[in-house]
Amino acid sequence: MDTHSEWLKARTTTEAVAQAEDRVSQVLAGHAGIGMLSDERDTLVWSVRHDLPKPIDLG
């Protein structure tokens with residue numbers, strides 16, 4: 001598994017999410033993966049699954 005982390009500079013959460021969406025689309029272009037944005041307290045703010053297979057329904 002590869003991991004890629006970056007710091008984003010944004011004035012608002014909305015601006016940070018927009019930046020994260022852009023970066024994730026660039027970093028994951030042509031690859032499956034997950035993008036996440038957390039704040040300075042490590043609280044999850046935004047996430048996305050990109051081209052991952054659907055989970056198997058075991059029920």
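Every value quoted in this text rests on a predicted model; they were computed, and no experiment measured them.
Through chains of ILVMFWY side-chain contacts below 4.5 Å, Ile56 is grouped with Leu58.
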In residues 20-28, what donor-acceptor pairs under 3.5 Å come from side-chain atoms, sequence neighbours left out?
from	atom 1	to	atom 2	distance (Å)
Asp22	OD1	Gln26	NE2	3.4
Asp22	OD2	Gln26	NE2	2.9
Arg23	NE	Glu6	OE1	3.1
Arg23	NE	Glu6	OE2	3.1
Arg23	NH1	Gln26	OE1	2.5
Arg23	NH2	Glu6	OE2	2.5
Ser25	OG	Glu21	O	3.4
Ser25	OG	Asp22	O	2.7

For residues 8-16, which side-chain N or O atoms pair as donor and acceptor with protein atoms under 3.5 Å away, sequence neighbours left out?
from	atom 1	to	atom 2	distance (Å)
Thr12	OG1	Glu15	N	3.0
Glu15	OE2	Gln19	NE2	3.4

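Partners of Arg41 under the side chain to side chain donor-acceptor pair (under 3.5 Å) rule, at least two apart in sequence or in another chain, are Asp39. A search for side-chain contact (heavy atoms from CB on, under 4.5 Å) contacts involving Ala18 returns nothing, not counting sequence neighbours. Ser38 meets the side-chain contact (heavy atoms from CB on, under 4.5 Å) test with Asp42; sequence neighbours excluded.
Residue pairs meeting the side chain to side chain donor-acceptor pair (under 3.5 Å) criterion with at least one member in residues 49-59: none, sequence neighbours excluded.
Hydrophobic clustering (side-chain heavy atoms under 4.5 Å, transitive across Ile, Leu, Val, Met, Phe, Trp, Tyr) groups Ile34 together with Leu44.
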